[in-house]
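Remarks on the structure that follows.
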Amino acid sequence: MHDLKIFREQLDLLRDGLRRRGALDALAPVLDRGVSLEKERRTLIQAVEERKAARNANAQEVAKRKKAKEDADELIAQGRALGDEIGRLEGELGGVEAELQRLLLEIPNITLPAVPEGGEEHNTIVREWGTPRARDGVRPHWEIGAALGIIDLERASKISGSGFVVYRKAGARLVRSLLNYFMDVHRDEHGYEEVWPPLLVNRATMTGTGQLPKFEDDAYATRGDELFLIPTAEVPVTNLYRDEILEASALPMGFVAYSKCFRREAGSAGKDTRGVLRTHEFDKVELVRYSTPEASGDQLELLTRHAETMLERLGLPYRRKLLAAGDTGFSSAMTYDLEAWAPGVGAWLEVSSCSCFTDYQARRANIRYRPAKGEKPRFVHTLNGSGLAFPRTLACILEHYQNADGSVAVPEVLRSYLGTDALR
RNA sequence: GGACAGGUGGCCGAGUGGUUGAAGGCACCGGUCUCGAAAACCGGCAUACCGGUUAACCCGGUAUCGAGAGUUCGAAUCUCUCCCUGUCCGCCA
């Protein structure tokens, strides 16, 4: 969310940002409305506060007279009239502020200068690692998984519905191995604090990271308790310090959290849904960082490297894609997608999305830090990225390491976790 | 789920309708003192918004005592709803 002041002080910057996303035409009326409402808001605030000041002075005077046993009836009548007027003006102000709030929620973050303008056709591959395996003779992971008895989609749909998966035997253990391996590396080598967050969170938390109110249809909600199942660990972890002011010396902070992720995928039926590519419930290790505004660019590179390291250690060929402005997520100022090659599916699979949100998320969640003693608090910059998402990583492993005899070699780094060097 | 007891500034803690943004203490920062330190003393020490000025400092105003609504000329203080915490009981991995 942007600061209200953007309508008054940084309109050109905002216009240009929207243009780069290709969203200016659609949002121009929102901006115009915002500018005039912002003015109206200030006018109303002045009117209200002027009367409140009068009311407070009046109340003091009443107190004084009462103490002196003097008559105050006239003042009390004046106070009552002021009160009525304040009530009326505040009602008006409330309406204006509510609409402003709604407008602000419709305006996406402004992307950083390094982000290419335009739509997804301007996405840029900025890094490639490894040699993608040829598709010839490679079966997709759902066939491999079924043959090995480690991915059971039929029974998953029986017990839960479509878009769910049961991992069995070595498949189940493989999930657990990824969890432990990822957590270990990010904690021990990359210096993240390990966090094990709740999967059910309240409305304020979902609102803090922007899932609500706009995307309520995408979230699973509990009946009767006003709790939501998290779509990513980003939600509880970023909200850890909601409404707090941090010490500058604490930054940057890094958190690594494993979680189940729950997504209704309301609008994406039929796209990339084979096998485990898109499910309603999946596992992911998430990296979250808080940084000072000055350092957030470097922090994005660092975070992205942390995620890439996992693919390199697993020996999976991948590429880093810098998303163009129009393809960059609503709250994000800059995003790299990491795509690993799945030779069986014959596609690059997004296994991580690393973003810098600048202060857009922090403002909404009210996460600040104090640069130095006595200075005013500033919003932190928040960043996050998967490190990594399990199902697609698992699919890539099965396909990339598939042998001619139907067995699958286990990546070196997972062997001690999995207790075997091959799945057969 | 039931019954009590609570939620006040970074922390502790006073305060039941009228100069209370809020006593006092602790912590922290600056100063005096000291060769230096401690102690003592003096001063400072929330956030947001609006306006004036705007380069910064600053000045005036408004709001905030868990959240929201209400009563009142006036609410930390009274009423209602909700949230959270603690203790006991019940249930339970």
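Because the structure is predicted, anything quoted here is derived from the model rather than measured. Each chain gets a letter, A, B and so on, in the order its sequence line appears, and its residues count up from 1.
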Check your understanding: What distance, rounded to whole Å, do you find between the two C1' atoms, one in B:rU8 and one in B:rC4?
Key -> 22 Å
Point to revise | Gap in Å between the two C1' atoms, one belonging to B:rG44 and one to B:rG10, rounded | key: 16 Å
Point to revise | Under-4.0 Å salt bridge between A:Arg65 and A:Asp71 | key: no
Practice item. Look at the side chain of A:Arg51 and the backbone N and O of A:Glu85, then say whether any donor-acceptor pair between them is shorter than 3.5 Å. Key: no
Revision key, fill the gap. Exactly one of A:Thr328, A:Leu112, A:Leu383, A:Leu323 clears side-chain contact (heavy atoms from CB on, under 4.5 Å) with A:Met334, and that residue is A:Leu112
Point to revise | Whichever of A:Arg370 and A:Arg42 has its nearest RNA chain B nucleotide further upstream toward 5' | key: A:Arg370
Check your understanding: Which part of the nucleic acid does A:Arg203 contact within heavy-atom distance under 4.0 Å: base, sugar-phosphate only, or nothing?
Key -> nothing
**Study point:** Validation row: A:Arg263, A:Phe282 side chains within 4.5 angstrom (heavy atoms)
**Key:** yes
Study note, to complete from the structure: Taken to the nearest 0.5 Å, the spacing of A:Asp184 CG from A:Tyr417 OH works out to 3.5 Å
Practice item. Mark up nucleotides 56-77 of chain B, 5' to 3', with B wherever a protein heavy atom is under 4.0 angstrom from a base atom, S wherever such an atom reaches only the sugar-phosphate, and - elsewhere. Key: -----BBS---------BS---
Practice item. May I ask you to evaluate whether A:Arg51 reaches the phosphate of B:rC50, defined as a side-chain N or O under 4.0 Å from OP1 or OP2? Key: no
Practice item. Check the angle between the aromatic planes of A:His306 and A:His190 and answer parallel, tilted or perpendicular using the 30° and 60° thresholds. Key: parallel
Point to revise | A:Asp218 with A:Arg264: basic N within carboxylate O range, under 4.0 Å | key: no
Point to revise | Rounded distance (Å) that lies between atom P of B:rG30 and atom CD of A:Glu375 | key: 15 Å
**Study point:** Residue whose closest nucleotide on RNA chain B lies nearer the 5' end, A:Asp3 versus A:Gln60
**Key:** A:Gln60
Check your understanding: Rounding to a whole Å, what distance do you find between A:Glu61:CD and B:rU19:C1'?
Key -> 12 Å
Review point. Are any of the side-chain nitrogens in A:Glu189 or A:Arg313 under 4.0 Å away from the carboxylate oxygens of its partner?
Key: yes
Practice item. Output the single nucleotide from B:rA46, B:rA48, B:rC49 whose closest atom is nearest the side chain of A:Lys5. Key: B:rC49
Check your understanding: A:Arg41 side chain N/O closer than 4.0 Å to the phosphate oxygens (OP1, OP2) of B:rC50?
Key -> yes
**Study point:** Salt-bridge criterion met for A:Glu339 and A:Lys321 (N-O under 4.0 Å)
**Key:** yes
Practice item. Using a 4.0 Å heavy-atom cut-off across all strands, classify A:Arg8 as base, sugar-phosphate, or nothing. Key: sugar-phosphate
Check your understanding: So what's the dot-bracket for RNA chain B: Watson-Crick or G-U pairs under 3.5 Å, [ ] if a pair crosses, | if it pairs off-strand?
Key -> ((((((((.[[[..)..(.....]]].(((((.......))))).(((((((.....))))))).[[[[[..)....]]]]])))))))....
